Amino acid sequence: MDNEFATPYYAVCLDTSTLRDDIMYRVMTEKVIELAAEKDGFLYSEWAIEEGSKLAFYWREKSQAEAWMSHTMMTRTLSIGSQFWFDRYSLKLVEVCKEKVVLNPQSWRDNARFPAMKTPRGVLKLLDLDDVGLLKAYVNEQRDHLAAWEPLRTEEFYTEDTCRLRIKEMRRDFIEDRGCVLCLLDPKQERMLAYSNYSQFVRGVSQSCFLGYSLAQDLQGQGYMQECLKAGIEYVSNELNIDRIQACYIPRNQKSAAVLARLNFEKEGMARNYLKINGQWEDHILTALTLR
């Protein structure tokens, strides 16, 4: 929040106890925030989630804040939350009487808090919300091509709302040191070419993660996947201190096997009925790249 609003203005603050179902609570909260943003008098929101959740909605007028406290969506969310997500919550109406906003001219945006790097034929980056159209186009254009190698998807997966939620989750996972999704775009950043997901970060004695990836069908056999992964591996190794990357592939997927082999991933075994892909449990070859 970079704007300074005239005071007084008002906040509806929600604090919860420890969350039991983090994923579903996140999804519902995203919807509630989007709904609030459509209302007259809405200024902005703040949300922090760890063991519990702290969420604040800011409003121009007191009457607007009071109306939001009793809004049907708010009361429904809190009712569901009390049953499934948390044991206790508090809802407060707060008056902001005085505020000071300080903007650092050398902000994190200028210092590239989120990764973005040039490759020989594109830009490898963690997507921002302005890129939602690129992600939506990619998953829809590659839908049939990727179906044989991915879990079954519902129609909701291909919508703009889901793509927006995915990007928010990507960025949150990066901030919380849980993973890093890097997408390869064309040089003008008008098309998404490939996707790579370094997930399930394990720190301490492991310093490891899992890698998943995909490439547009029309770019197969041109080295784009290797270009994407080579730059991504260098980034997660040098900048995020990950030095063991695990990846797996279905035995019949020889293109994936060849990509990993060129990047020096070594076979470590076979996992029987490891993942449910396109509705069927599939064996997977387990590989790893060790950079220690």
Side-chain angles (χ1 to χ4, degrees), residues 19 22-23 26 47-54 104 106-131 134-135 165-185 189 192-215 223-249 256-269 271 274-275 284-292:
L19 296 169
D22 182 54
I23 299 297
R26 287 177 185 268
W47 186 20
I49 182 168
E50 294 180 355
E51 290 187 9
S53 173
K54 294 182 179 296
N104 180 358
Q106 299 298 319
S107 71
W108 58 263
R109 293 180 179 85
D110 299 322
N111 293 328
R113 180 185 189 183
F114 295 99
M117 63 210 82
K118 291 184 178 180
T119 69
R121 293 177 291 180
V123 176
L124 187 65
K125 63 180 289 189
L126 195 161
L127 300 180
D128 56 44
L129 289 177
D130 290 340
D131 299 318
L134 302 182
L135 179 59
L165 289 174
R166 286 182 65 193
I167 291 175
K168 289 181 179 179
E169 194 69 18
M170 292 174 193
R171 297 172 74 82
R172 189 177 296 118
D173 283 349
F174 182 80
I175 291 171
E176 297 176 358
D177 195 38
R178 296 191 297 186
C180 179
V181 174
L182 296 173
C183 297
L184 183 63
L185 310 183
Q189 301 187 49
M192 182 169 156
L193 312 178
Y195 170 92
S196 60
N197 181 15
Y198 302 83
S199 64
Q200 301 181 52
F201 281 13
V202 180
R203 295 302 187 180
V205 297
S206 182
Q207 296 297 108
S208 64
C209 73
F210 286 87
L211 168 63
Y213 51 90
S214 66
L215 175 68
Y224 278 97
M225 195 73 260
Q226 187 172 3
E227 180 177 325
C228 173
L229 296 180
K230 184 178 179 181
I233 289 168
E234 182 177 342
Y235 177 81
V236 299
S237 174
N238 294 341
E239 302 298 329
L240 305 182
N241 298 313
I242 293 292
D243 53 22
R244 177 178 167 82
I245 303 172
Q246 297 158 230
C248 62
Y249 62 90
S256 187
V259 168
L260 294 174
R262 284 193 290 269
L263 292 166
N264 298 317
F265 279 75
E266 297 181 0
K267 294 181 182 179
E268 295 190 332
Y274 186 51
L275 298 175
H284 280 70
I285 303 294
L286 306 179
T287 75
L289 174 65
T290 304
L291 302 167
R292 297 166 184 163

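In this text, all values refer to a predicted model and were calculated from it rather than measured experimentally.
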Nearest atoms (heavy-atom pairs only) where [X] meets [Y]:
X	Y	answer
L129	K168	CD2-CG, 3.9 Å
F265	I245	CE2-O, 3.3 Å
F201	C180	CZ-N, 3.9 Å
C183	M192	SG-CE, 3.6 Å
M225	V259	CG-CG1, 4.1 Å
E176	I49	OE2-O, 3.7 Å

Output the distance between atom [atom1] ([X]) and atom [atom2] ([Y]), rounded to the nearest 0.5 Å.
X	Y	atom1	atom2	answer
L286	K267	CG	NZ	11.5 Å
L134	K125	CG	NZ	8.0 Å
M117	L124	CE	CG	5.0 Å
R172	L165	CZ	CG	9.0 Å
I233	L263	CD1	CG	5.0 Å

Is the backbone of [Y] close enough, under 3.5 Å, to the side chain of [X] for a donor and an acceptor to pair up by distance?
X	Y	result
E227	T119	no
S199	G179	no
S196	L182	yes
Q207	N241	yes
D173	M170	no

Within a strict 4.5 Å, meaning less than it, do heavy atoms of the [X] and [Y] side chains meet?
X	Y	answer
L229	L211	yes
Y198	I242	no
C209	L240	no
Y213	S256	yes
I175	F114	yes

E266 CD: over 12 foreign heavy atoms closer than 6.0 Å
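Counting neighbours around CD of E266, 12 or fewer heavy atoms of other residues, nucleotides or ligands fall under 6.0 Å, so no.
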Counting only heavy atoms not in E268, do more than 12 fall under 6.0 Å of its CD?
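Yes, the 6.0 Å shell around CD holds more than 12 heavy atoms from other groups.
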Among L127, L126, V181, find the residue that satisfies the side-chain contact (heavy atoms from CB on, under 4.5 Å) test when tested with I167.
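For I167, the side-chain contact (heavy atoms from CB on, under 4.5 Å) check succeeds only for L127.
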When you check the gap from the basic side-chain N to the acidic O, do R166 and E169 get nearer than 4.0 Å?
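Between E169 and R166 there is no salt bridge, as every charged N stays at least 4.0 Å from the carboxylate O atoms.
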Give me the ring orientation class for Y274 and H284: parallel if the planes are under 30° apart, tilted from 30 to 60°, perpendicular past 60°.
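The rings of Y274 and H284 stand perpendicular, inter-plane angle above 60°.
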